[in-house]
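Written below as structure tokens is the structure these notes are about.
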Amino acid sequence: VTSIKFGNKIGMHKNEIETPVLMVDLDTMESNLKKMAEFFKTVPANLRPHTKTHKTPSLAHKQIEYGAVGICCGTLDEAAVMISAGIRDVLVTREIVSPEQLDRVIGLSRHSDIIIIVDDHEVVERFALAAESNGVKVRTMIDVRCRLDRSGVLPGDPSLLIARKIHNSKGLKFAGIAGYEGSMHGWKPERREASCKEALSSLIETKELIERDGIEVPIVSAGATSTYRTAGSFPGITEVQAGTYITMDDEYYGFFPEFNIALSVLTTVISRPSSTVVTTDAGSKKLTTDEGLPVPKDSPWLKLKAVNEEHGVLELMELERKIVVGDKIEIIPSHGCTTFNLYDHVYGMRDDHLEIIWKIAARGC
Ligand SMILES: Cc1ncc(COP(=O)(O)O)c(C=O)c1O
């Protein structure tokens, strides 16, 4: 993309850009990618980043350039976009259950090494038959319920039973186990690490149980940005599913000094209705609040108070600061993943100039 509907063009300074737009600071993002890549060179586990964070094929390709072995996707739709963009090794981390979606998996498996996860015997039986009758072998992992009560088969024997079923089927190829233990935001580091290790232990015990049954477990996948060090260095874990590290967001800010926030929404002041109120053009249709209110960047004198649909209402706490209609204000999303999903494009900025525009092609998927 070289320009978009606003007429924004490559090379513009951020003060010239029509807003609201989603931006990444390229130096910061590249530093995050490099730091993560450096860590994974020191441990046996590999990085398989979760691209639900940015939903942007160009960024997924970048993560692979920085050493990732493949990617994770949150949905089949997201995976279809990434596969169409040329990415082969794609793990879909949410269960697929309908026959229609399975048809799509069968089609996609002819163009990629897609991996699906399952936690239900009946689904495994149906999928195995459908894949076999279509002459494909779909890589299939078990979603093992480690800590989060949201999906997955219990560790131990229940996982072994389903592993046998996948292994013995002609249409499915047993690819391993996945046990997302949850990000545990806001927890004290010691508690988070202990809880992560407990979850990973049950995952590894399950892997060993399956292996003792004579079934190879090629992939053992777990982890998030908040637990990448613990999961990445835990014996037996082969892949880590960190997502947010690439751009970070306010919710994750301060977790690790090695990653900095690259993501922001550029807004314009559209009204100064009173001396303490600054209103911008980015409301709830441009900034999500599922993880709290976003935060103005480098401006402790400003506080976002409310987001209406198309208005962001900020409080000016230092009245001597001069802010006038037309000024630009950068806002750091509280939750990057849900914010990306609101935009068609993300602007790559270097030294405050627009260097590249990427399409968020899986936005809404
Ligand atoms: C299945 C799965 N894997 C990994 C992650 C990790 O994401 P992040 O690194 O953004 O915390 C998530 C977060 O929601 C997830 O649902």
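All heavy atoms count here, side chains included; hydrogens, waters and symmetry mates do not. One-based numbering, in listed order, for ligands and for the atoms of each.
- Seen from the ring of Trp301, Arg321 counts as a face-on cation partner, given the 6.0 Å and 45° thresholds.
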Per-pair distances, ligand 1 N/O vs protein N/O, less than 3.5 Å:
from: ligand 1; atom 1: 3 (N); to: Gln241; atom 2: OE1; distance (Å): 2.6
from: ligand 1; atom 1: 7 (O); to: Lys52; atom 2: NZ; distance (Å): 3.3
from: ligand 1; atom 1: 9 (O); to: Thr225; atom 2: N; distance (Å): 2.8
from: ligand 1; atom 1: 9 (O); to: Thr225; atom 2: OG1; distance (Å): 2.6
from: ligand 1; atom 1: 9 (O); to: Gly243; atom 2: N; distance (Å): 2.7
from: ligand 1; atom 1: 9 (O); to: Thr244; atom 2: N; distance (Å): 3.4
from: ligand 1; atom 1: 10 (O); to: Lys52; atom 2: NZ; distance (Å): 3.3
from: ligand 1; atom 1: 10 (O); to: Thr244; atom 2: N; distance (Å): 3.0
from: ligand 1; atom 1: 10 (O); to: Thr244; atom 2: OG1; distance (Å): 2.4
from: ligand 1; atom 1: 11 (O); to: Ser183; atom 2: OG; distance (Å): 2.9
from: ligand 1; atom 1: 11 (O); to: Tyr252; atom 2: OH; distance (Å): 2.7
from: ligand 1; atom 1: 14 (O); to: Lys52; atom 2: NZ; distance (Å): 3.1
from: ligand 1; atom 1: 16 (O); to: Arg150; atom 2: NH2; distance (Å): 3.0

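- With respect to the salt-bridge test (charged N to carboxylate O, under 4.0 angstrom), the residues Glu100 and Arg104 do not qualify.
- Under the 3.5 Å distance criterion, with hydrogens and angles disregarded, a donor-acceptor pair is assigned to the side chains of Gln63 and Tyr245.
- Judged by a 6.0 Å distance limit and a 45° cone about the ring axis, Lys286 is positioned over the six-membered ring of Tyr343.
- Between Phe256 and Tyr228, the ring planes are perpendicular. Angles over 60° get that label, and only those under 30° would be called parallel.
- Between Asp157 and Arg164, none of the side-chain N atoms (NZ, or NE/NH1/NH2) sits under 4.0 Å from a carboxylate O, so this pair counts as no salt bridge.
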